[in-house]
Amino acid sequence: MIKLKITGMTCQHCVKAVNEALAEVPGVEKVLEVNLERGEAAVEGTPETARLLAAIAEEGYEAEIAA
Ligand SMILES: [Cu+2]
């Protein structure tokens with residue numbers, strides 16, 4: 001599982017956009033959660049982390065890998 005910290009999400013539309021963006025990254029088997037309140041997301045699979053971050057950035061949010 002890869003956990004991400006995401007800043008900039010303000011509503012369920014953002015959650016949906018992030019969810020769909022993550023799901024399209026090669027190597028992502030499943031988006032486990034995108035949490036608006038905590039600004040977190042988790043995916044299952046073996047994607048390149050740089051591509052996860054880029055996919056979120058393309059939607060207009062900032063992301064980093066959560067330790
Ligand atoms: Cu929104």
Side-chain angles (χ1 to χ4, degrees):
M1 182 175 70
I2 300 171
K3 283 187 174 181
L4 300 150
K5 272 290 203 187
I6 303 171
T7 43
M9 295 192 296
T10 57
C11 69
Q12 288 303 322
H13 172 84
C14 301
V15 169
K16 188 165 181 282
V18 167
N19 205 307
E20 289 175 358
L22 290 173
E24 285 174 11
V25 175
V28 172
E29 288 163 19
K30 192 177 181 186
V31 180
L32 299 172
E33 80 161 331
V34 179
N35 189 290
L36 178 63
E37 288 75 22
R38 296 200 313 273
E40 292 176 358
V43 302
E44 205 161 73
T46 54
E48 287 178 34
T49 53
R51 294 189 75 160
L52 291 176
L53 302 182
I56 295 171
E58 267 177 37
E59 297 298 323
Y61 310 104
E62 280 185 46
E64 61 186 53
I65 301 298

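FYI, side chains are in, hydrogens and waters are out, and symmetry mates aren't considered; it's all heavy atoms of this structure. Atoms within each ligand, like the ligands themselves, are counted from 1 in listed order.
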Pairwise distance [atom1]([X]) to [atom2]([Y]) - rounded to 0.5 angstrom:
X: Glu40; Y: Asn35; atom1: CD; atom2: CG; answer: 6.5 Å
X: Glu24; Y: Asn19; atom1: CD; atom2: CG; answer: 10.5 Å
X: Arg38; Y: Lys3; atom1: CZ; atom2: NZ; answer: 7.5 Å

* Given side chain to side chain contact (heavy atoms under 4.5 Å, CB included), test Leu4 with Leu53 step by step and report yes or no. => CA-CA 8 Å; Leu4 300 150; Leu53 302 182; 3.7 Å; yes
Exactly one candidate in His13, Gln12, Glu20 meets side chain to side chain contact (heavy atoms under 4.5 Å, CB included) with Lys16; the answer is Glu20
Taken by chain and residue number, the protein N/O/S atoms under 2.8 Å from the Cu ion (ligand 1) read Cys11 SG, Cys14 SG
Got a sec: does the CD of Glu48 have more than 12 other heavy atoms crowding it under 6.0 Å? no
